[in-house]
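One structure is given here, and the rest of the page talks about it.
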Amino acid sequence: MATTDGRPDTERLHCLVTGASGYVGGRLVPELLEAGHRVRCLARSPGKLRDHPWAQDVETVRGDVTDAASVAGAMRGVDVAYYLVHALGTGSDFEKTDRRAARIFAEQASAAGVRRIVYLGGLTPKDVPEHSLSPHLRSRAEVGRIFLDGPVPATVLRAAVVIGSGSASFEMLRYLTERLPVMVTPSWVHTRTQPIGIRDVLRCLVGSAAMPADVDRAFDIGGPDVLTYREMMRRYAAVAGLPRRLIVPVPVLTPRLSSHWVGLVTPVPASLARPLTESLRHEVICHENDIARYVPEGPGHPLPFDEALALALRRVQEAQVATRWSSAALPGAPSDPLPTDPDWAGGSLYQDDRQLTVDASPESLWKVIEGIGGDNGWYSFPLAWAVRGWLDRFAGGVGLRRGRRDAERLRVGDSLDFWRVEEIEPGHLLRLRAEMRLPGLAWLEMYAETDDGGRTRYRQRALFHPRGLLGHAYWWSVSPFHAVVFGGMARNIARAAAGQGAVRSGR
């Protein structure tokens with residue numbers, strides 16, 4: 001029997017998704033909806049989800065997995081709860097935070113009568129003591145164990161390298177291979193791993209919702225290929241049509257040094273590259289494929305590595321990347337909202353305001369504003385932005401290489417080089433929050449407006465809330481350059497908008 005749209009007639013479940021603003025969670029939600037389930041999202045900042053194409057089809061509630069009361073509220077009436085968050089990088093005690101959050105989640109799921117918890121963790125090496133694992137893998141393993149020891153039946157999916165457009169593992173592989181025809185690499189390039197395509201991860205996550213009540217266990221999930229990282233780079237070069245890469249492994253690059261090397265070459269910052277590289281120290285391959293007994297593989301699944309690569313590359317080339325590794329805020333990145341009360345700002349909220357009349361329509365101006373960053377640049381002194389990006393990378397920040405998820409459209413929560421979209425009012429306002437390393441908090445606002453005379457006006461405002469004496473010193477040390485950087489940006493944006501308007505009018 002089938003539904004009216006041709007899908008199998010399966011039970012309609014009420015699913016709670018945590019981490020919906022992240023890479024996997026943002027892709028899981030539409031898959032659950034497509035399967036006919038109801039979805040509720042638990043988010044610390046619900047506004048980050050509002051511009052997703054599925055936002056109107058889900059219920060979003062504010063909360064945090066470390067807050068028992070908000071988790072309890074989110075669990076009401078839920079059949080299946082997806083746990084797709086982790087505290088990596090929130091501090092030296094992130095394992096403690098992960099442990100506490102997992103226990104709260106398990107306890108509140110039991111209290112609410114949830115039928116199943118589904119968790120996506122990391123594939124761990126066989127016969128390696130847990131204390132020898134990287135903190136990242138060790139914490140992932142502990143969270144899975146907490147769920148399996150709890151009263152609610154759990155499905156713990158364990159995956160190694162996830163290959164998909166926008167995934168951190170894919171971006172690391174892509175940039176290393178494309179930018180370095182000759183590579184001096186760490187010894188972990190010889191370690192075997194079993195990559196899996198994001199499509200298969202999502203298939204397993206969705207299918208896990210309907211597992212029988214007596215299934216309470218972990219499953220290894222992976223693609224059909226077992227490869228070393230060296231082989232993965234060479235296979236990527238072949239799929240992408242690049243010349244064969246020369247790879248020279250050396251034993252002296254520790255995980256810490258490797259993470260900085262990856263951070264300099266790829267858009268993935270060292271803070272995220274380190275757990276990825278540490279996870280490659282040990283061989284991680286699947287030792288069973290029992291998931292196939294409960295989640296049908298279907299024709300062409302699991303995807304071979306080359307096919308997963310080709311699909312990811314096509315999505316990148318067609319600018320059809322639904323979510324990226326940077327969709328979720330990076331560990332340690334500032335997340336405070338724009339202060340609207342000067343008293344809250346401690347009486348120190350520095351501003352740089354600029355306004356220009358633009359010889360173009362507001363629509364032409366907005367198109368330039370929304371297209372800023374990434375390959376389009378920042379319409380200002382390029383060397384100054386490049387230097388600031390490199391300084392941020394050397395300081396362990398994200399730098400400028402994150403680019404854009406989409407070349408033309410932005411949504412709240414998108415990363416944009418070393419900024420993040422905090423607010424967007426289409427046709428009027430774009431507010432960006434800085435995620436570079438700074439002794440304070442910073443925002444950049446751009447407006448497309450119409451003045452009292454009916455003329456188009458561009459308004460730009462940079463704001464900085466200093467942290468301590470160093471923050472004040474930072475602002476006054478860079479303020480002499482604002483005329484060049486921010487003034488040049490305003491003039492060039494106005495000029496670009498006028499140029500677009502001239503092209504449209506045929507002038």
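Here, residue 1 is the first one in the sequence, and each next residue gets the next number.
Taking the centre of each ring, H465 and Y350 stay at or above the 6.0 Å mark. Aromatic rings of Y474 and F464 (six-membered ring for Trp) have centroids within the 6.0 Å cut-off, being under it. The ring of Y83 has its center closer than 6.0 angstrom to the ring center of F147.
At least one donor-acceptor pair closer than 3.5 Å links the side chain of D51 to the backbone N or O of V412. For T18 (side chain) and L84 (main-chain N/O), a donor-acceptor pair under 3.5 Å exists by modelled atom type. Although no hydrogens or angles enter the test, the distance criterion places a donor-acceptor pair under 3.5 Å between the side chain of S167 and the main chain of G164. With hydrogens and angles ignored, the 3.5 Å screen pairs no side-chain donor or acceptor of D417 with any backbone N or O of G373.
Considering NE2 of H428 and CD of E449, their distance stands at 5.5 Å, rounded to 0.5 Å. For the atom pair CZ (R354) and CD (Q460), the distance works out to 7.5 Å, reported to the nearest 0.5 Å.
By the 4.5 Å heavy-atom criterion applied to side chains, Y229 and M172 are counted as neighbours.
At a threshold of 4.0 Å, the pair E423-R431 does not count as salt-bridged, since none of the basic side-chain nitrogens sits closer than that to a carboxylate oxygen. R140 has no carboxylate O lying under 4.0 Å from a charged side-chain N of E142, or vice versa, which leaves the two without a salt bridge. A salt bridge is absent between R404 and D406: the closest approach of a Lys/Arg side-chain nitrogen to an acidic carboxylate oxygen does not fall below 4.0 angstrom. Using a 4.0 Å cut-off between charged nitrogen and carboxylate oxygen, R405 and D414 count as a salt-bridge pair.
Here the closest non-hydrogen pair linking R27 and S165 is NH2-O, 2.6 Å. The minimum heavy-atom distance linking L123 with L137 is given by the pair O-CD2, 3.9 Å. When all heavy atoms of D64 and L42 are compared, the pair lying nearest together is N-CD1, 4.3 Å.
Within a 6.0 Å sphere centred on CD of Q56, heavy atoms belonging to other residues, nucleotides or ligands number 12 at most.
Looking only at atom types and distance, the side chain of W378 has no donor-acceptor partner in the side chain of N492 under 3.5 Å away.
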